[in-house]
Amino acid sequence: MSKVRVRFAPSPTGGLHLGGVRTVLYNYLFAKKQGGDFIVRIEDTDQTRFVAGAEDYIFNCLKWCGMEPDESPLHGGPYAPYRQSERKELYRKYAEQLISNGFAYYAFDTPEDLEKMRNDFKTAENPSPQYDGNVRMQMKNSLTLPEDEVKKLLAENARHVVRIKMPAGETISFTDMIHHEVSFDSSLVDDKVLLKADGMPTYHLAVVVDDYLMKITHAFRGEEWLSSAPVHVLLWKYLFGLDNMPQWAHLPLIMGPSGKLSKRDGAKYGFPVFAMNWTDPKTSELTEGFKERGFLPEAFINLLAVLGWNDGTEQELYSMEELIENFSMDRVHAAGAKFDFEKAKWFNHEWIKKLPVTNYEARVKEIFESKGIEIKDDIYFTKVLELVKERCPLLTDFFDQAVFFYITPASYDEASVKPKWENDKNDFFAELVTKYNSTADWNISSIETEFKNLATEKNIKVGELQMILRVMLVGTKMGPGVFVIAEAIGNAETVNRIEKARVYFSSH
RNA sequence: GCCGCGUUGGUCAAGGGGUUAAGACGCCUCCCUUUCACGGAGGAAUCACGGGUUCGAAUCCCGUACGUGGUACCA
């Protein structure tokens, strides 16, 4: 059996969303599991939709996710070029081969002609007429025009396209790795354009020709392509033989709160849809990415992998290696899945807890510095992150959960302290400051022992005092153990914060 | 409209003729902590509907409904 080769074939028209990344992932996992090659081919046959920077952006996303292609326009490879716009000259000959075999034809209809046809044939039962067997003989094409006129038009370079001539009354079927037998009635499929007036192929021709030329063995794509699969199957049959056709798998769609997930859903419902931040160069509109929202690539990959796939066990957390080991296409769900941001955050939290802080502290450091907190002591920073990570589902949560390790609170949760602030409390903290000022060995147990001894001596409930101490050090009722915080921020700063708060509470 | 695909709790899902119909997220209660989390123990909540087939259907078949994708010289 020949080596497994799969491809991800994006068109560089904008950001890379969830569904796209999952398509790459399944391609990648399948290829790596079989020891095959993962190819990225850029499908840029529509120059009107070209967006500057989109291709680089896609490769950046793949890099962030840890999925490096074996072949691509960036990585090179034996089947270059990997950009369809650079392969333009290749396609025409296949289109012409189809025509000479009677499987396709030239069509000279103008956009106005097409619009007229759609209008003329439009009825209540058929709101969107297709260019198909029912109308093709009434259009302007090499099937209806006299041969010499066709020759003449071609000779004078009249604008034309090449369309596939869909046969009538055939059942076109194929085996999909996820949906199993899928079949279509060829009479109901339209004469899709194969080669456009500008000489570029459409997706339909290009995908078949390139998959053949690049020796692709398995072709995975979103389910939105299933409807046009009969065109591709026929093209394979006419051009290269069904025996050489790759195995198809049409992946279930990832749904948003209302229908197929779109980038609009992100802004609308408050969660990212793209892998990384994407700014449209034309409109300057920014669409948020999972990365910038505070996701770890490990979590992003993990949550995408199990959205539509499971290995039949109860395992939910998988590293890339484990995914490669366990992935199989036949356990991919046929039904679409609705994306749940709450669960996505849970995955991220699990990975934050699981991975050593050193794995992501550089990113957290950037967040702190962008908010004006300079990190000078990396050892201390690591320790701080370690202390708060179980309350941070997102990387961006670390700031709020840990700023107080760096700055003295500017305000206090007065509602919690005020009702309990009486003279005995004031005295207690005044004495505590004196004691702490002379504490020689500043560690958690000495801090706690001194505190509790003094409380016992003063006959005040320890718990109540601890709560007040917390508010004094943190500002609010949050964070790790109070004495742990005191130890971390140090003797001088602890004393400083207690004294500042004591004065504040006594005068308010 | 037509064509394709799909349908197990709110969400992700296991299970594919006989099960008390797993598990996870979320939600609720309790424990832990006089904080917030983490962790632990419980709880509410599901086989779209109608017909078959069968001793027995969440599981097989047929309809219906609903959802979703396509219906471009876009991918």
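Here is how names work: the chains are called A, B, and so on, in the same order as the sequence lines, proteins then strands, and each is numbered from 1. The structure displayed is predicted, hence computed values, not measured ones.
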Practice problem: Count the heavy atoms of every other residue, nucleotide or ligand shown that sit under 6.0 Å from NZ of A/K165, and state whether that count exceeds 12. | Solution: no
Quiz prompt | Neighbour count >12 (heavy atoms, 6.0 Å) for atom NZ, A/K500 | solution =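 It does: A/K500 NZ has more than 12 such atoms within range.
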Exercise. For RNA chain B, produce a single dot-bracket line, 5' to 3'. Pairs: Watson-Crick or G-U wobble, both distances under 3.5 Å. Symbols: ( ) within strand, [ ] crossing, | other strand, . unpaired.
Key: (((((((..(((.....[....))).(((((.......)))))....(((((..]....))))))))))))....
Between [N] and [X], is there an OP1 or OP2 to side-chain N/O distance shorter than 4.0 Å?
X      : N     : value
A/H250 : B/C5  : no
A/T202 : B/A72 : no
A/R331 : B/G15 : yes
A/K420 : B/U34 : no
A/R163 : B/C73 : yes
A/N310 : B/A13 : no
A/Q130 : B/U71 : no

Practice problem: Record whether the side chain of A/S228 comes under 3.5 Å of the base of B/G70 through a donor-acceptor pair of N or O atoms. | Solution: no
Exercise. Using only heavy-atom distances, decide whether a donor-acceptor pair under 3.5 angstrom links the side-chain of A/K192 to the base of B/A72.
Key: no
Looking at every strand, decide which applies to [X] at a 4.0 Å heavy-atom threshold: base, sugar-phosphate, or nothing.
X      : result
A/M200 : nothing
A/D185 : nothing
A/V193 : sugar-phosphate
A/R159 : nothing
A/N126 : base
A/S11  : sugar-phosphate
A/E223 : base

Practice problem: State which of B/C5, B/G69, B/A13 makes the closest approach to the side chain of A/S227. | Solution: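 Ranking B/C5, B/G69, B/A13 by closest atom to the A/S227 side chain puts B/G69 first.
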Self-check item: Nearest to side-chain heavy atoms of A/E464, which nucleotide of B/C73, B/A14, B/U34
Solution: B/U34
Self-check item: Donor-acceptor contact present, side-chain A/R391 to main-chain A/Q401, <3.5 Å
Solution: no
Practice problem: Look at the side chain of A/D176 and the backbone N and O of A/V182, then say whether any donor-acceptor pair between them is shorter than 3.5 Å. | Solution: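 No, A/D176 side chain to A/V182 backbone: no donor-acceptor pair under 3.5 Å.
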Gap in Å between the two [atom1] atoms, one belonging to [N] and one to [M], rounded:
N     : M     : atom1 : answer
B/G39 : B/G4  : C1'   : 48 Å
B/A48 : B/U54 : C1'   : 23 Å
B/A65 : B/G50 : P     : 15 Å
B/A14 : B/A37 : P     : 32 Å

Length of the line joining [X]:[atom1] and [N]:[atom2], which is rounded to integer Å:
X      : N     : atom1 : atom2 : result
A/Y203 : B/A72 : OH    : P     : 17 Å
A/F451 : B/U34 : CZ    : P     : 11 Å
A/E314 : B/A21 : CD    : P     : 17 Å
A/E125 : B/C2  : CD    : C1'   : 11 Å
A/K338 : B/A13 : NZ    : P     : 12 Å
A/I485 : B/U35 : CD1   : C1'   : 9 Å
A/H333 : B/U11 : NE2   : P     : 14 Å
A/R221 : B/C74 : CZ    : P     : 17 Å

Exercise. Cation-pi check, A/K354 to A/W351: give yes when NZ or CZ is under 6.0 Å from the six-membered ring centre and within 45° of the ring axis, no otherwise.
Key: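 Satisfied, under 6.0 Å and within 45°.
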Quick one: side chains of residues 204-214 of chain A, donor-acceptor pairs under 3.5 Å with protein atoms, not counting sequence neighbours, listed by atom name and distance.
residue: A/D210; atom: OD1; partner: A/R87; partner atom: NE; Å: 2.8
residue: A/D210; atom: OD1; partner: A/R87; partner atom: NH2; Å: 3.0
residue: A/D210; atom: OD1; partner: A/Y91; partner atom: OH; Å: 3.3
residue: A/D210; atom: OD2; partner: A/Q84; partner atom: NE2; Å: 2.9
residue: A/D210; atom: OD2; partner: A/Y91; partner atom: OH; Å: 2.6
residue: A/D211; atom: OD1; partner: A/R7; partner atom: NE; Å: 2.9
residue: A/D211; atom: OD1; partner: A/R41; partner atom: NH1; Å: 2.9
residue: A/D211; atom: OD1; partner: A/R41; partner atom: NH2; Å: 3.0
residue: A/D211; atom: OD2; partner: A/R7; partner atom: NE; Å: 3.3
residue: A/D211; atom: OD2; partner: A/R7; partner atom: NH2; Å: 3.0

Quiz item: What do you reckon, are the aromatic ring centroids of A/Y203 and A/W225 less than 6.0 Å apart?
Solution: yes
Quiz item: Hey, would you say the A/Y412 and A/F505 ring centroids sit under 6.0 Å apart?
Solution: yes
Quiz item: If each of A/L307 and A/P480 is mapped to the nucleotide of RNA chain B with the nearest heavy atom, which maps nearer the 5' terminus, i.e. the 5' end?
Solution: A/L307
Quiz item: What heavy-atom pair brings A/M139 and A/L114 nearest, and what distance separates the two atoms?
Solution: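 Looks like CE-CD2, 4.2 Å.
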Practice problem: Can you see which heavy atom on A/P69 is nearest to which on A/F59, and at what distance? | Solution: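 Closest approach of A/P69 to A/F59, heavy atoms only: CG-CE2, 4.2 Å.
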